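Naming: A, B, ... by sequence-line order, numbering from 1 per chain. Remember, it's a predicted structure, so these values are computed and weren't measured experimentally.
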Amino acid sequence: MNDDTAPASRYTARLANEIERKWQDHWEEQHTFWAPNPSGALSEGFEQVKGKEKLYVLDMFPYPSGAGLHVGHPLGYIGTDVYARFQRMNGRNVLHALGYDAFGLPAEQYALETGQHPRTATEANIANMRRQLRALGLGHDPRRSVATTDVAYYRWTQWIFLQIFESWYDAEADRARPIAELVADFEAGRREPTGDANPDGTPWSDLDERTRREVVNSYRLAFLNEAVVNWCPGLGTVLANEEVTADGRSDRGNFPVFKKPLKQWTLRITAYAERLLGDLDLLDWPDPIKLMQRNWIGRSVGATIRFPLVDHDEELEVFTTRPDTVFGATYMVLAPEHPLVDALVPDDWPSNTAARWKGEFGADVSPRDAVAKYREFAGKQSEMERQAEGREKTGVFTGAFARNPLTDGDIPIFIADYVLMGYGTGAIMAVPGQDERDWEFAEKFDVPIVRTVAPPDDDFEGPYLGDGPAINSGFLDGLNIADAKHKIGEWLVEHGAGAPTINYKLRDWLFSRQRYWGEPFPIVYGEDGLPRAVPASLLPVELPDLDDFRPAALDPDDAASDPAPPLARAEQWLEVVLDLGDGPKRYLRETNTMPQWAGSCWYFLRYLDPTNEDALVDREIEEYWMPPGGVDLYVGGVEHAVLHLLYARFWQKVLFDLGHVSTVEPFHRLYNQGYIQAFLYRDQRGIAVEAAEVEERDGKFFFNGEEVTREFGKMGKGLKNTVAPDDIYRDYGADTLRLYEMFTGPLDASRPWSTTDIIGVHRFLQRLWRNVVDEDSGEVRVSDEPTDEETRRLLHRTISAVRDDMGDLKFNTAIARLFELNNRLTQVVADRGAAPREVVEPMVLMLAPLTPHVGEELWQRLGRPATLAYEPFPEFDPALLVEDEIEVPVQINGKVRATIRVPSGISDDALEAAARADERIAALLEGATVRKVIVVPGRLVNFVIA
RNA sequence: GCGAGCGUGGCGGAACUGGCAGACGCGUCGGGUUUAGGUCCCGGUGCCCUUCGGGGUUUGAGGGUUCGAGUCCCUCCGCUCGCACCA
């Protein structure tokens, strides 16, 4: 700062901005960061890098927000850029690019707010973000920057959807296969059509055309499913489970979400549950993220057991993890929405039905009324209320009974909202003796409780969940849980009453949204109302221009409203005449759009081959960059632990099964960057006030004279605590911002933004600059005289440490080492009047990944040819890391009493002798009994005295 | 409630497989340069005593293992994240 009075060639913001622009232009013009592909359109220059090892470094796909970047956003991008530049200097052919995930709700809502078309707003946002990122000096290959909203990109998103639609999961082969192979199997009689679409199991040859289509559709990995979904009227769309928060609201916009049965596109991710779980072992990911995925997939081992209904032909199927306790199943519970409920409710209560079993709606209601009223009650409960602390079990008797297949006893069937339709079969056998929830319910409704595992003592209270011998369990008696489970499993299979089963918490992925700004489905409907694929040759299905793209205005609290996709209003677009093999016919297009996650499931594949019009990615190019295990380094925030990472893994596996990619996993190494946090201030009303204008006095904070409270959290426009990178570029330059963000902590840690701390790294750059360039004359002042031995040793120690740290993404400590070296260099310059080239050149090269503009500029001024991006990273001489003499602390009873200097290769005995010889130590040992001497070679000596 | 992680100076953070706690930077104090402020340069800076030699103490709290613990083990407290009636 204060550029006016500074010497002409001082490293000020003005000079920084000058050289930054210069080098950014240079890199762009010289194609410095173009990474050659082995073949195809982007292969220019591959010959020169042929012998190099490849490296694929990737940032999580950014969303081009209308608010522009704040200084928190680029933390990860700087980190990957430093790493990529470092590895480029280590001789790797590095692919590093950045594109834009630009479809989705936020862009649409921003467009609504600003009265623009989403495409206009999106393109402006991308342009602004490109400008801000370019100013950071990121070494990206600009040719590979794609946006999900590009027609040429979403054409391939649609193409992948078609692949998913045109395939099914072959459980025996444990992989997806083309649907045509399934049809061929049916036609050849190698496989029988089963499932809900063909409940009677009619042979394929006897099925009519429509039923055949329905059967095939029910096998597809992308299918229309009538299911209870998360309907969010506030957003006018349905949401995936992953997009709904624990308190039953939308993660975008925080609107209420209601359960509602609707027909929606669904992707069969559950078919991949086991592989998504098992393949986590192949990945170099943080354990917490793996754990979150494991928990989300939620594998549990148990059994399905069928309970015959009394007086009905139907059976009730339940899933349980404790089949060993089936003798203690004294009642059953169905989810209120369970499809069998209506069929099994009788007209009248069985005699002697206890009043409390009839629910809280009066004793004179019929079973049907009681069930209807309870359903109404349960449906109205918000998720929040359902999960509230201390919630009391509620439920109502259906009037029906099932028969416990093991005890042959008749047990009552209840409906209760503590059983969820979405998990297992939506029905449970209740075993109060061994389950807390069932115990609570049984207590409240006075249902018998039978223990089937002996508790440790006779007066044990409550349900017993621990292990012990089985009791009251017929042929299981005496067995421990594991053995009893095994034995009952055999019994169930033998008697056709069930089977050991693995169940997953993971649900299929709800894939349609009733919004405008997303990829249209490549699907049309014929007169029969069944979905048909638009042939790949007719892709893309372009998103039509709509003047009014807003969703129907709905009351966010109105659960009864229905989705109304905006595309249904695109009359010209909606109807289409196509020849799908049986002559030209009229079809209606699918009016839903894909969720935002679709485009981000495969963008890393498109970076590889962004201009390919014949394939999503050329196989040879894919095989060059992706193996062995996927992207080499993937950096992004933890917030994508489940959603994006699970969906992208799923798509990758489908593409792998169908032979389109060569790796089973997309991202080999994942690294979670931290966040830059900031103080935010609120006034008395709790409204955030402009953080930049808050004053601190005596530990209190004031805004316009009014005292405000301080909090600490994420940066956000609404919180009025953002710092724009543009302001930092202006005041210090982009290199200073880069260095600051890398210096304040390890990449995976969150840290507070502190504008005052920036001065420290800025001063470092200034000092370094001054060590090389005379501030007044602008002359380079380096000498070719060799440096002194001590400085040389420090240089080589620094190179060693910086190499290690940069390889481990520990940029903060690498920078600290460079600070130390520069401090030494400053002394040398003061002594000699010039900086030894021997030190300066490696120093500049080591700094270059962190502050590339300063690096390039100094390198050029040192008379080296542009650019240093491919110069070898400095190597150290191991001989110079070895010290002749070392300092060793000498302890007495664990306290340091002296430090001695000894030759580095000293023997233990000699070290002890040297320690004893020290004046202070000798004095302290005088007259004392040395019980023990610990000598750690080269590290310390410890005398233990009485 | 269940699961995971984290607690180190005034602040951001260092500390390899247990071996001199506090690297590096900010801030701050003292000195130099300067008409002055800022920049810049040199030095001090965990805390408490000190006769200036040094001594004591210190990594959320308490306990344990060890010659030796920020690091390993146990209990507790605090914060962060994930899940949330998952049968």
### Query
What orientation do F679(A) and Y681(A) show, parallel under 30°, tilted 30 to 60°, or perpendicular over 60°?
tilted
### Task
Decide ring pair (Phe, Tyr, Trp, His ring centres under 6.0 Å) for F819(A) and F743(A); before the verdict, give the C-alpha distance in whole Å, the side-chain angles of both, and the deciding distance to 0.1 Å.
CA-CA 11 Å; F819(A) 275 30; F743(A) 180 62; 5.1 Å; yes
### Counterpart base for G27(B), defined by Watson-Crick or G-U wobble contacts under 3.5 Å
U45(B)
#### Entry: Between R767(A) and T826(A), a side-chain donor and acceptor under 3.5 Å
no
Protein-nucleotides 34-36 of chain B N/O pairs under 3.5 Å:
none

### Task
Could you tell me how the ring of F414(A) sits relative to the ring of Y331(A): parallel (under 30°), tilted (30 to 60°) or perpendicular (over 60°)?
perpendicular
### Message
Whether the T394(A) and Y374(A) side chains hold a donor-acceptor pair (N or O, under 3.5 Å, no angle test) is what I'd like checked.
### Response
yes
### Task
Mind telling me whether W509(A) and Y647(A) have parallel, tilted or perpendicular rings, with 30° and 60° as the class edges?
parallel
### Task
State whether the distance check finds a donor on one side and an acceptor on the other, under 3.5 Å, for side chain D757(A) versus base C26(B).
no
### Task
For G18(B) versus G9(B), give the span between their P atoms, rounded off to a whole number of Å.
24 Å
Check the interface with nucleotides 15-18 of chain B: list each N/O to N/O pair with the protein under 3.5 Å, or write none.
| residue | atom | partner | partner atom | Å |
| --- | --- | --- | --- | --- |
| C16(B) | N3 | R939(A) | NH1 | 3.1 |
| C16(B) | N4 | R939(A) | NH1 | 2.9 |
| C16(B) | N4 | R939(A) | NH2 | 2.7 |

### Query
Can you name the side chain to side chain donor-acceptor pair (under 3.5 Å) partners of S754(A), sequence neighbours left out?
T756(A), D757(A)
